[in-house]
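Reading through the structure tokens given below for one structure.
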Amino acid sequence: MKIVTLASLKGGVGKTTLAIHLAVLAARSGKRVLLCDADANNNATDFLLDDVAGEAIDAANLLHVLINRRAPADCIFRSRFRIDVLPATVELSELSVHTNANPVLLFSLRATLLATDYD
């Protein structure tokens, strides 16, 4: 499995757009793709999962995986582009509350993603 991370402290530089385009291209080439939206602005989630009820995403998203409330498989949704998405919500901004009590949570995402069945 390859994990590609797009990150910058600066907003508006195209991280979400590039991530979506790379994911679509990989999926079109036959790869099993999981896009993990780790931005509390959740623009990738809003774009890719616009046909999924907000209540479903609120109940099963990246924050729930990170704080071990739900299994990753329970929080992955299929987009109309045949890309699986681990969505974010504004609730992700509460992660710092949880990591203050348990800083190890920040390091668990890589291991969690490696345990999934994606290319």
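Predicted model, so just to flag it, every value in this text is computed and none were measured. Only this structure's heavy atoms are used, side chains among them; waters, hydrogens and symmetry mates stay out.
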To the nearest 0.5 angstrom, please state how far the CG atom of L86 sits from the CG atom of L63.
->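 Reported value, rounded in 0.5 Å steps: 10.5 Å.
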Mind checking the CG-NZ spacing from L6 to K15? Nearest 0.5 Å is all I need.
->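 If we round to the nearest 0.5 Å, L6:CG and K15:NZ are 9.0 Å apart.
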Main-chain N/O of S96 paired with N100 side-chain donor or acceptor, under 3.5 Å | yes
Might you work through the side-chain contact (heavy atoms from CB on, under 4.5 Å) test for C75 and N61, ending with a clear yes or no?
-> CA-CA 5 Å; C75 299; N61 57 63; 5.8 Å; no
With ILVMFWY side chains joined below 4.5 Å, transitively, what does [X]'s cluster contain besides itself?
X	answer
V97	none
V13	none
V33	I20, V24, L35, F47, L48, L49, V52, I57, F77, F81, I83, V85

In terms of hydrophobic clusters joined by side-chain contacts under 4.5 Å, are L114 and L109 together?
->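 Yes: a chain of side-chain contacts under 4.5 Å links L114 to L109.
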Quick one: which residue pairs count as a salt bridge (Lys or Arg N to Asp or Glu O under 4.0 Å) with a foot in residues 35-53, not counting sequence neighbours?
->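 Output for this query lists D50-R80.
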Can you run down the salt bridge (Lys or Arg N to Asp or Glu O under 4.0 Å) pairs that involve residues 102-119, sequence neighbours left out, and say none if there aren't any?
-> R32-D117
So V90 and N41, side-chain contact (heavy atoms from CB on, under 4.5 Å) or not? Walk me through it.
-> CA-CA 6 Å; V90 294; N41 289 326; over 6 Å; no
Identify the heavy atoms of [X] and [Y] that sit nearest to each other, and give their distance.
X	Y	result
A40	S93	CB-N, 4.0 Å
H98	E94	CD2-O, 3.4 Å
V65	P72	CG2-CA, 3.8 Å

Looking at side-chain heavy atoms only, is the closest gap between L62 and P87 below 4.5 Å?
->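 Result no, sub-4.5 Å side-chain heavy-atom pair not found.
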Do L92 and L66 have side-chain heavy atoms sitting under 4.5 Å apart?
-> yes
Which residues satisfy the side-chain hydrogen bond (donor to acceptor under 3.5 Å, both in side chains) test with R78, sequence neighbours excluded?
->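 With neighbours one apart ignored, the set is D84.
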For [X], which residues count as a side chain to side chain contact (heavy atoms under 4.5 Å, CB included) partner, sequence neighbours excluded?
X	answer
S29	K31
T5	I3, A7
D58	T89
H21	T17

Scan residues 56-76 for pairs that pass ring pair (Phe, Tyr, Trp, His ring centres under 6.0 Å), counting only residues two or more places apart or in two chains.
-> none
